[in-house]
Protein chains: 2
Amino acid sequence: MPLWEYDGVMARAATTSDAFNAIAEPQRRDILGLLRAGEWPVTDLAQELGMSQPQASKHLRVLREVGLVRVRGVGKQRRYSLDAGGLRPVHEWIGGFEQFWNESFDRLDSYVQDLKHDRRNSQ
Amino acid sequence: MPLWEYDGVMARAATTSDAFNAIAEPQRRDILGLLRAGEWPVTDLAQELGMSQPQASKHLRVLREVGLVRVRGVGKQRRYSLDAGGLRPVHEWIGGFEQFWNESFDRLDSYVQDLKHDRRNSQ
DNA sequence: TTGACGCATGCCGTTATGGGAATATGATGG
DNA sequence: CCATCATATTCCCATAACGGCATGCGTCAA
């Protein structure tokens, strides 16, 4: 049966396919943070962040695939650098909620007012 | 053996425990987006977004646990509302990269310059 | 109290994911 | 070509996470 006709149980969807998911992993955020300081060869980066070399490579692969880092070969090394542009969509999405942060307290406050009101009316 | 002495293979760590992970799921982002319009009872929300009621409840639970939504019982309904404050840490983290967005082109440009240079020298 | 409605949970099946360990691949210097 | 350093990939394990489905639970009206 062709894949496009498959109608069985749909399990978990792929998640390491966009910036949102890439930065959901703490270690990948650490990597990005480190890369703000400039280029890093994998081994140094792994040691600096206390992770194994394979793990570093794997995380870097994810970051590469979603376009958050770039690589450049220098001798036997592969130096990774930041490509922060990929974070822009996330920033913009979050930006759509910025106006609601300050409202939070107001809403909570009016909510509390409602509670008081209800209590007054029921005692 | 007590959990704290367990030293076997450490598998995947829990991921639905903070805002970063909560918003990594597209449907949860949809829910948050919808909640900007105000309070929503679960069923309406599920229908509006084309997801099953149980799925909506499950996603809402995650959002509740990481503090991105609030609930309020109204009759038999449970009305969910936005608690955008939880997005603030994400926004701040991303903010730490904002200065690198515009730099991106410069970096890419100098990278291209290097390439040209290398080609000139090797032909 | 009994239905009915609205929602939360539990269970199952499938896939994704992260970590460790071992191994493959690539580039460099001799 | 060969040995070596730097990385990437593969294999395996354990478990988290999603979706569908069935069911439990709480609230309200009759």
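To find a chain, count down the sequence lines: A is the first, B the second, and so on, and within it residues start at 1. Values below: every heavy atom of this structure, side chains too, minus hydrogens, waters and symmetry copies.
At a cut-off of 3.5 Å, with distance as the only test, a side-chain donor of B/Gln53 or B/Ser57 sits close to an acceptor on the other residue.
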Atom pairs under 3.5 Å: protein N/O with N/O of nucleotides 26-30 of chain C:
unit_1: C/dA27; atom_1: O3'; unit_2: A/Gly75; atom_2: O; d: 3.3

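Closest contact between the side chain of A/Thr43 and the listed nucleotides D/dA8, C/dG18, D/dA6 involves D/dA6.
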Test log, rule side-chain contact (heavy atoms from CB on, under 4.5 Å), inputs B/Asp83 and B/Leu68: CA-CA 5 Å; B/Asp83 191 356; B/Leu68 285 174; 5.6 Å; no

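At least one test fails for A/Arg64 against the ring of A/Tyr80: distance under 6.0 Å to the centre or angle within 45° of the axis. With A/Phe97 as the aromatic partner, B/Arg36 meets the cation-pi criteria of under 6.0 angstrom to the ring centre and within 45 degrees of the ring axis.
For A/Arg28, a side-chain nitrogen or oxygen approaches OP1 or OP2 of C/dG18 to under 4.0 Å. At C/dA8, one or more side-chain N or O atoms of B/Tyr80 fall inside 4.0 Å of OP1 or OP2 (strictly under the cut-off).
As a whole-Å value, the separation of B/Met51 CE from C/dG6 P is 18 Å. The distance between atom CD of B/Gln77 and atom P of C/dC5, rounded to the nearest whole Å, is 14 Å. In this entry the distance linking CG of B/Leu63 with P of D/dA17 reads 13 Å, nearest Å. Rounded to an integer number of Å, the gap from CD of B/Glu25 to P of D/dA16 is 17 Å. Here C/dC7 presents its C1' atom at 12 Å from CG of B/Asp44, a figure rounded to the nearest Å. Counting to the nearest Å, the C1' atom of C/dC7 and the CZ atom of B/Arg79 are 14 Å from each other. Atom C1' of nucleotide C/dT9 and atom CZ of B/Arg64 are separated by 11 Å, given to the nearest angstrom. At whole-Å resolution of the value, CG in B/Asn21 and P in C/dT17 are 12 Å apart.
In B/Gln47, the CD atom is not crowded: 12 or fewer heavy atoms of neighbouring residues, nucleotides or ligands sit closer than 6.0 Å. Remark: A/Arg88 CZ is loosely packed, at most 12 non-hydrogen atoms of other residues, nucleotides or ligands lying under 6.0 Å away.
The aromatic rings of B/Trp101 and A/His91 lie perpendicular to each other, with more than 60° between the two planes, well past the 30° mark.
Of the residues in residues 52-61 of chain B, those placing a heavy atom less than 4.0 Å from an atom of DNA chain C are B/Gln53, B/Pro54, B/Ser57, B/Lys58, B/Arg61, in numerical order.
Tested against A/Leu35, the residues A/Leu63, A/Asp30, A/Val69 include a single side chain to side chain contact (heavy atoms under 4.5 Å, CB included) partner, A/Val69.
Ion pairing between A/Glu65 and A/Arg61 holds under the 4.0 Å rule for side-chain N and carboxylate O.
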